[in-house]
Visitor: 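Just dropping this structure here.
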Amino acid sequence: MRILPPKIWRNKDTHYSLLASICQRCGHISFPARAVCSNCGSFRVRTTKLSGKGVLLSYTISHQVRTGHEKNTPTYYGLVRLDEGVEIVAPLVDIDEPPREGARVEATIRRLRVDSSNAYRVRHQV
């Protein structure tokens with residue numbers, strides 16, 4: 001699969017930030033952002049950027065090794081409740097010791113690998 005720079009540029013906001021939609025009618029927050037409220041069906045939604053800060057509710061450890069990612073094992077995955085109330089599952093990075101449930105966490109972007117033909121980032125981790 002070839003990654004085209006113009007396509008990455010057009011979609012950079014969705015690749016490099018957490019975007020959600022907030023319903024102007026009922027106040028429901030949907031992640032990822034949607035054009036229609038998943039709670040009440042209203043089209044009156046606005047897109048907002050989430051802070052990426054939250055609390056770790058639970059986590060699991062994966063010892064499976066993906067080709068090219070041998071140095072990143074084991075991998076921790078966490079269930080995080082963001083400050084805005086949205087719950088997401090995401091890989092946990094910068095882990096020196098087992099994480100603590102209830103710990104404060106913050107989303108960060110990490111480059112997983114580089115396509116050597118054009119040097120653009122092709123996979124991201126939130």
Side-chain angles (χ1 to χ4, degrees):
M1 181 173 126
R2 184 158 166 81
I3 304 299
L4 302 173
K7 185 175 181 181
I8 292 173
W9 182 254
R10 282 192 306 271
N11 296 322
K12 70 181 180 305
D13 290 336
T14 58
H15 288 298
Y16 299 109
S17 59
L18 297 172
L19 297 179
S21 55
I22 299 177
C23 180
Q24 300 299 298
R25 184 171 161 197
C26 71
H28 181 74
I29 300 175
S30 298
F31 177 79
R34 298 179 175 98
V36 179
C37 177
S38 60
N39 187 50
C40 71
S42 173
F43 287 93
R44 294 181 46 214
V45 296
R46 69 176 168 84
T47 302
T48 185
K49 185 176 179 180
L50 301 175
S51 68
K53 296 178 181 177
V55 175
L56 180 64
L57 299 178
S58 183
Y59 71 92
T60 189
I61 305 168
S62 173
H63 294 279
Q64 293 181 327
V65 179
R66 294 181 359 210
T67 304
H69 297 273
E70 291 82 5
K71 66 179 181 176
N72 296 331
T73 57
T75 304
Y76 292 85
Y77 293 94
L79 174 62
V80 178
R81 178 176 292 131
L82 298 177
D83 291 344
E84 293 84 2
V86 176
E87 291 182 4
I88 63 172
V89 174
L92 303 175
V93 296
D94 298 335
I95 302 292
D96 295 329
E97 57 188 43
R100 292 177 294 110
E101 293 177 359
R104 295 287 299 168
V105 294
E106 183 175 356
T108 185
I109 302 292
R110 293 279 192 256
R111 178 174 34 178
L112 294 179
R113 66 184 175 100
V114 174
D115 180 354
S116 61
S117 65
N118 62 18
Y120 285 94
R121 296 175 182 166
V122 294
R123 289 199 177 197
H124 304 282
Q125 195 174 52
V126 179

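These values consider heavy atoms only, across backbone and side chains, with no hydrogens, waters or symmetry-generated copies. For this chain, numbers begin at 1 and follow the sequence in order.
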Visitor: Which heavy atom of Tyr59 sits nearest to which heavy atom of Pro99, and what is that distance?
Guide: CE2-O, 3.3 Å
Visitor: Please check if Tyr76 and Val55 belong to a single hydrophobic cluster, counting links between Ile, Leu, Val, Met, Phe, Trp and Tyr side chain heavy atoms closer than 4.5 Å.
Guide: no
Visitor: Quick check: is Ile95 connected to Val105 through a chain of hydrophobic side chains (ILVMFWY, heavy atoms under 4.5 Å apart)?
Guide: yes
Visitor: With a 4.5 Å cut-off on side-chain heavy-atom distances among I, L, V, M, F, W and Y, is there a chain of contacts connecting Leu57 to Val89?
Guide: yes
Visitor: Tell me, yes or no, whether the heavy-atom count around Gln64 atom CD, taken from other residues, nucleotides or ligands under 6.0 Å, exceeds 12.
Guide: no
Visitor: If only atom types and distance count, is the side chain of Ser42 paired as donor or acceptor with the main-chain N or O of Arg44 below 3.5 Å?
Guide: yes
Visitor: Identify the heavy atoms of Leu18 and Ala107 that sit nearest to each other, and give their distance.
Guide: CD1-CB, 4.1 Å
Visitor: Closest approach of Ser62 and Tyr77, non-hydrogen atoms and distance?
Guide: CB-CE1, 3.8 Å
Visitor: Between side-chain atoms of residues 45-53 and protein atoms elsewhere (two or more places apart, or another chain), which donor-acceptor pairs fall under 3.5 Å?
Guide:
| unit_1 | atom_1 | unit_2 | atom_2 | d |
| --- | --- | --- | --- | --- |
| Ser51 | OG | Lys53 | N | 3.2 |
| Ser51 | OG | Glu84 | OE2 | 3.1 |

Visitor: Quick check: does any side chain N or O of Ser58 sit under 3.5 Å from a backbone N or O of Leu79, one acting as donor and the other as acceptor?
Guide: no
Visitor: Looking only at heavy atoms, what is the nearest atom pair of His28 and Ser38, with distance?
Guide: NE2-OG, 3.4 Å
Visitor: Under the side-chain contact (heavy atoms from CB on, under 4.5 Å) test against Ile29, which residue among Leu82, Asn39, Val86 passes?
Guide: Val86
Visitor: Do His63 and Ile61 come within less than 4.5 Å of each other through their side chains, counting heavy atoms only?
Guide: yes
Visitor: I'd like to know whether CZ of Arg104 has more than 12 heavy-atom contacts from other residues, nucleotides or ligands below 6.0 angstrom.
Guide: yes
Visitor: Can you find a heavy atom in the side chain of Leu56 that is under 4.5 Å from one in the side chain of Leu92?
Guide: yes
